[in-house]
Amino acid sequence: MVLALRYPLCFLLLLLLLLLPFSTTAQTYSNISLGSSLTAINNKNSSWPSESGEFAFGFQQVEGGFLLAIWFNKIPEKTIVWSANRNQLAPSGSKIQLTTDGRFVLDDPKGSQIWSADSAGARVSYAAMLDNGNFVLASNDSTNLWQSFDEPTDTILPTQTLYRGSKLVARFSEMNYSEGRFLFTLQADGNLVMYIIEDPTDSVPSNSSYRSSNTVGSGFQVIFNQSDYISLTADNRTILNQISNAASSREFYQRAILEYDGVFMQYVYPKDASSSTGKWPMAWTTSFLMPENIYMGIPVRAGTGGRACGFNSYCRLGDDQRPICQCPPGYSLLDPNSKMSGCKQDFVSQSCDEASQDTNRFDIQAMPNTDWPLSDYRHFQSVTEDWCRVACLDDCFCAVAIFRDGDCWKKRIPLSNGMTDPIVGGKALIKVRMANSTSQFEGGGPKNNDQSTSLGCVSELPPTLISSKQISVRPLKAERHKLHCCK
Ligand SMILES: *[C@@H]1O[C@H](CO)[C@@H](O)[C@H](O)[C@H]1NC(C)=O
Ligand SMILES: *[C@@H]1O[C@H](CO)[C@@H](O)[C@H](O)[C@H]1NC(C)=O
Ligand SMILES: *[C@@H]1O[C@H](CO)[C@@H](O)[C@H](O)[C@H]1NC(C)=O
Ligand SMILES: *[C@@H]1O[C@H](CO)[C@@H](O)[C@H](O)[C@H]1NC(C)=O
Ligand SMILES: *[C@@H]1O[C@H](CO)[C@@H](O)[C@H](O)[C@H]1NC(C)=O
Ligand SMILES: *[C@@H]1O[C@H](CO)[C@@H](O)[C@H](O)[C@H]1NC(C)=O
Ligand SMILES: *[C@@H]1O[C@H](CO)[C@@H](O)[C@H](O)[C@H]1NC(C)=O
């Protein structure tokens with residue numbers, strides 16, 4: 001009351017804000033009854049909001065069509081937290097319908113079914129968009145027959161639980177909601193694992209994990225509780241792993257998402273500007289992230305895809321701890337709209353025809369602390385950097401040479417597993433075609449010549465564990481050097 005007397009206007013405003021949501025939205029809400037439908041129409045909002053209006057279910061237009069989705073409805077971003085048809089966007093005119101015979105189906109304008117909710121044959125009696133972001137289909141005795149919380153896409157919300165066998169699959173890119181390349185799953189065996197999904201067209205497709213809780217046999221549920229903690233629990237409810245503890249408050253919207261770049265992130269967003277007290281911007285702010293340096297955790301493997309960043313590109317860790325995929329000098333993105341598509345050479349490769357004087361048309365661009373492990377075909381020891389440069393320039397197969405502590409590795413296209421980080425050390429010498437330049441270098445010859453045995457290397461990097469208090473620990477230099485080669 002003292003506060004109220006000293007700041008009467010503030011108090012009144014606060015009271016008004018507290019009362020507002022209840023007075024305006026309560027009378028507009030009702031359950032979605034049989035026979036209801038929504039149609040996807042360009043530039044028109046068609047949705048069913050939850051009682052509080054905080055979430056809505058309906059169509060959102062994205063590039064390429066419509067998503068049948070659930071989103072945060074009270075913020076300008078309308079952030080999507082679930083979608084039904086991310087791998088098959090709905091064209092304009094598509095319709096989601098709760099049929100009079102109790103089925104929930106999404107049809108395109110020609111009447112072909114794009115998606116349907118599987119209520120295991122039971123008759124749905126009504127649907128409801130709940131205030132926690134869960135969309136449910138219920139029977140006439142109010143039993144949930146189907147709920148969006150049981151079929152997560154890439155996001156979980158407070159009050160949502162992941163069970164054994166549940167998985168989050170990241171979207172393809174920031175704006176493309178199709179299934180992408182990363183997987184966060186509580187496996188049937190109880191282990192909570194994060195995987196990079198290998199390209200199925202690879203000769204030996206296999207998903208490699210970059211994070212594991214090591215809870216085979218004991219992991220039971222991942223719970224995002226009302227206090228905004230995400231925990232991995234055993235079936236006796238003991239907490240095995242405290243995955244995150246966000247800035248807990250009822251004043252924030254919260255979500256946790258497996259981002260398209262493979263990082264599991266928890267975000268908060270102030271519910272209204274007055275409660276943010278200037279400390280929090282009216283935007284999604286990261287409150288938790290795992291793992292901290294994702295591409296150091298992904299095991300390096302030869303012979304398969306270009307790793308997370310794509311062939312010929314390299315990964316750098318941004319200030320926000322998120323990976324950034326970049327192309328080396330002389331290269332550009334394969335798909336300009338997708339940073340993770342990999343890179344292509346912007347110049348014609350060196351000719352191997354001896355008659356052509358092509359060698360003189362190339363130069364080296366050096367990038368410190370950069371490497372593409374395992375793409376090498378020749379290794380020389382006890383050489384100088386200049387010798388390494390010339391060796392690459394003179395070799396029509398060589399695209400990049402790595403020079404580090406007197407070692408010189410020649411690499412050819414496509415380069416894979418690329419990364420730049422102070423712990424890498426040395427430098428990458430990238431061969432690029434120059435219009436009019438001639439390069440001349442001098443140096444000593446190799447004292448030792450290790451033939452091509454470095455092909456077929458394996459990684460001994462241990463998968464990092466999900467630690468309880470810290471987000472993650474950067475791998476030590478010693479661990480990076482555990483990469484070894486096999487004959
Ligand atoms: C929705 O339906 C359920 C079950 O019939 C009922 O308990 C609830 O009050 C209904 N809610 C609204 C807002 O009509
Ligand atoms: C859709 O809703 C948003 C916010 O609720 C509003 O800003 C926008 O103008 C609406 N668009 C249409 C076409 O009604
Ligand atoms: C999204 O990415 C997928 C996978 O590469 C692709 O097949 C699809 O066409 C993309 N969608 C859009 C709208 O660009
Ligand atoms: C609920 O549905 C079942 C069959 O779907 C029916 O047998 C039962 O009578 C219905 N109950 C009510 C209260 O309508
Ligand atoms: C990799 O994960 C994807 C997504 O869960 C799955 O479809 C695929 O079968 C897995 N591949 C292998 C080789 O395990
Ligand atoms: C609960 O289960 C975990 C893992 O199975 C076990 O380590 C722990 O001792 C159990 N705690 C209790 C109180 O039963
Ligand atoms: C949420 O989880 C945290 C830690 O696991 C626990 O301390 C807290 O009591 C839980 N809150 C609720 C509402 O379950």
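In listed order, ligands and their atoms are each counted from 1. Residue numbers start at 1 and run along the sequence shown.
Scanning the protein for heavy atoms near atom 5 (O) of ligand 6, the closest one is Ser218 CB, 3.9 Å.
Residue-ligand proximity: Lys167 is placed with a non-hydrogen atom under 4.0 Å from ligand 5.
At least one N/O-N/O distance between Asn236 and ligand 6 falls below 3.5 Å.
Which of Asn337, Val62, Asn176 comes nearest to atom 3 (C) of ligand 3 through a heavy atom is settled by distance: it is Asn176.
Of the protein's heavy atoms, none falls inside 4.0 Å of atom 7 (O) of ligand 3. For atom 11 (N) of ligand 6, the nearest protein heavy atom lies closer than 4.0 Å. Closer than 4.0 Å to atom 14 (O) of ligand 3 lies at least one heavy atom of the protein.
Between the side chains of Lys427 and Thr370, no donor N or O sits under 3.5 Å from an acceptor N or O. Side-chain contact of Asn241 with Ser213: a donor-acceptor pair under 3.5 Å is absent, judged by distance alone. A side-chain donor from one of Asn134 and Ser148 sits under 3.5 Å from a side-chain acceptor of the other. Counted by atom type alone, Asn176 and Glu63 present zero donor-acceptor pairs between their side chains at under 3.5 Å. Side chains of Ser212 and Asn191: a donor-acceptor N/O pair is present below 3.5 angstrom, by distance only.
Within the listing of ligand 3, atoms 2 (O), 4 (C), 5 (O) sit less than 4.0 angstrom from a heavy atom of Phe172. Near Ala234, meaning under 4.0 Å from one of its heavy atoms, ligand 6 places the atoms 2 (O), 4 (C).
Seen from the ring of Tyr260, Arg171 does not count as a face-on cation partner, given the 6.0 Å and 45° thresholds.
Here Glu54 pairs with Lys271 in a salt bridge; the nearest charged N to carboxylate O distance falls below 4.0 Å.
Only the side chain of Leu183 comes within 4.0 Å of ligand 5, counting heavy atoms alone; its backbone N, CA, C and O stay farther away.
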